[in-house]
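Predicted model, so just to flag it, every value in this text is computed and none were measured.
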Amino acid sequence: MVIDFAVQSFLTGRLWLREHIPFNSNIIDAHIATGNIKVIPGIKKEKSFLYKTIFQCNRCQNNTPSRFTVFDCAKCEGPCVYCRHCLKMGRVSYCTTLIAWNGPEPAFPKSHLLAWEGKLTPLQQIASHELFESTIRNRPHLIHAVCGAGKTEILFKPIYKMLLKGKRVCIAAPRVDVILELEPRLRVAFPTTKIAALYGGAIVENELSQLILATTHQLYRFQEAFDVIFVDEADAFPYTADETLRRAVKKAAKENAPIHSVTATPSKKLLYQMRREGSVSTINRRFHGYSLPVPRYESLWNYSAKIKKKKLPMKLIKWTEQRLIKEEPFLIFFHNIILMEEAEPLFKTLDRRIKSVHASNENRKEFVQKLRDKEIPGLLTTTILERGITIPNVQVAVVGAEHGIFTSGALVQIGGRVGRSSVYPSGDFVLFHHGISHAMDDAKREILRLNKGGASL
Amino acid sequence: MTECLLCDVELLTKPSWKTLLALDDEMVLCRECLSEFKLSNQQIENPTLKKVTSLYEYNDAMRDYLHQYKFLQDIALAKVFKYELHNVLKSKTNIIPIPMHPNRKVKRTFSHVEELLKCARISYSDVLEKKDDETMGKKSKIERLALAPLFRLKPEVVIKNESYMLIDDIYTTGTTLRHAAALLIEAGAREVEAVTLIRARLND
């Protein structure tokens, strides 16, 4: 039995479209013949109540009937069906096949280096220890730590210990920005470990990586791959809204492998579930020991009408000018793209370098870096930058904080951008509003509660 | 509950007797996505083709649409322009789609022009055959003009002394359509018109 190690490295833990495999068809056929590669049909058909056919995509686990299209296929010469949910990763239809590695598991290296030299605070240390305890007991664990508590550092030790055992580890996050932020930090922390960062548009490496950082979407393409998965920002959109993403994480984990969650703003459901089935570590102090910035309310009546008339409200101009004079980097959050784009030219009259970013903006990564490097004084943004980014001394304003998109969790996250570094442990966090919403009060109450030491909910 | 075929936003439709009885148009796109497409109305005339009507201009939205429809093979998108195509073609006869080479059709699993017509509920006759499986998109303008005949008639097909209507997805230089039209006229067609979904602007 001959095994091609390149094929083995590529396919271990993966679930890949046969047509997209970067190897010669003959090699794949030979491995299928020897049973080292398993062939899985793209779509599973099942009969249900009243003989209605139910489809499930074997890659993304989607089973919503409206997300499938039945068609007359010229390839299999008959009625066929494909999944529209994961279409962008290459179409999976009834007549396409997915392949997965079924042969002997490659051995992962057991010598690694943890080059991170920082020191954990006592609270971080306890959480890190508890997280590792849960990991070896295959029990899900929730790290509930305020923004800026140093969540990533808490993960280092447990990850390191798992790597030393030759285990495969995954850090998944619903947002690509989080992955982009984590990648350089983990590469520095684990300089000798093979690390891959996977997100839409990233180059797929053929090497076998032991530590994988991936958007939860990318986990559609994994199956029984990881000994432990850490889901960072587990409450972020779209992870909570799209059930297939949660199924994908489960599918990517090996049997009984623990799936941990890390977030500053867990939903009540997640908290309850973790308390019942797993365990929870709570940290309500930032790593530098200072309090979380408390939001300040500032009325901004009829702001959207004013902006539509091409006039910036006076309060907003004053706030922005102050930031410009003091040379403090700033972020201004908007609830919708159209309003933000209308406001952008108005802000440009204050400073030409001000830019705006949103979800489909390709320069997002570059602009955030420029803000850090002080080449740009400030950014206008949608909620896309609400989490995962760290900019020293950043000041934050929310325009239209009363809007439904700013849930209390989102506001806590946005406030969490402020005062993250120990050099600048505080900063302005202002909510410009057209009326105070319950979410704003909830967020303020939550922050005050955490600052008092996190007494009961 | 239906979603926009392009951006997955939920479509809000009010229930009414009209929709219940299927008299109303079925919504497939949201307003935002629909407004991205730009109508063209461009008509071109030349010796072999009496008239070429293109419905839309080629813009970013159209590029993304074609990419998802043809390359990501999202057949559901054939529905997007069904009313527009139906309105242009409902009174026409002798409709002939530009064919794909059989190998390419198997690879794509469907013929994109025929699917557009099927969704628009337009009956067509499939009388042409593609001779080799090269694509236009990869050729320069000079190469396109100097091509050997691209199509042939299927065996036992009779072309009458009538007006014929060719259908293609995109009009770029017009080479494809001219080849097909010349073949039909040679076989006895009185005149040939064409409708394409998109009119592309050439850079060279």
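Within a 6.0 Å sphere centred on CZ of A/F68, other residues, nucleotides and ligands contribute more than 12 heavy atoms. Within 6.0 Å of atom NZ in A/K45, more than 12 heavy atoms from other residues, nucleotides or ligands are found, so the atom counts as buried in its surroundings. Annotation: B/R121, atom CZ; neighbour count of heavy atoms from other residues, nucleotides and ligands within 6.0 Å does not exceed 12. More than 12 heavy atoms of other residues, nucleotides or ligands lie within 6.0 Å of OH in B/Y124, so this atom counts as buried by the packing criterion. The local environment of NZ in B/K107 is sparse, with at most 12 non-hydrogen atoms from other residues, nucleotides or ligands closer than 6.0 Å. Heavy atoms of other residues, nucleotides or ligands lying less than 6.0 angstrom from NZ of B/K154 number more than 12. Residue-environment remark: CD (A/E366) exceeds the threshold of 12 foreign heavy atoms within 6.0 Å.
Counting only heavy atoms from C-beta outward, the side chains of B/E3 and A/R67 approach each other to under 4.5 Å. Taking 4.5 Å as the limit, every side-chain heavy atom of A/Y82 sits out of range of all side-chain heavy atoms of B/T109.
Atoms OG1 and CG, from A/T69 and B/L5 in turn, are 7.5 Å apart once rounded to the nearest 0.5 Å. Atom CZ of B/R108 and atom SG of A/C73 lie 13.0 Å apart (nearest 0.5 Å).
Residues of residues 65-75 of chain B lying under 4.5 angstrom from chain A, judged on non-hydrogen atoms, are B/Q68, B/L72, B/Q73, B/D74, B/I75 in numerical order.
When the candidates A/R84, A/E77, A/E19, A/K75 are compared by the number of heavy-atom contacts under 4.5 Å with chain B, A/R84 comes out ahead.
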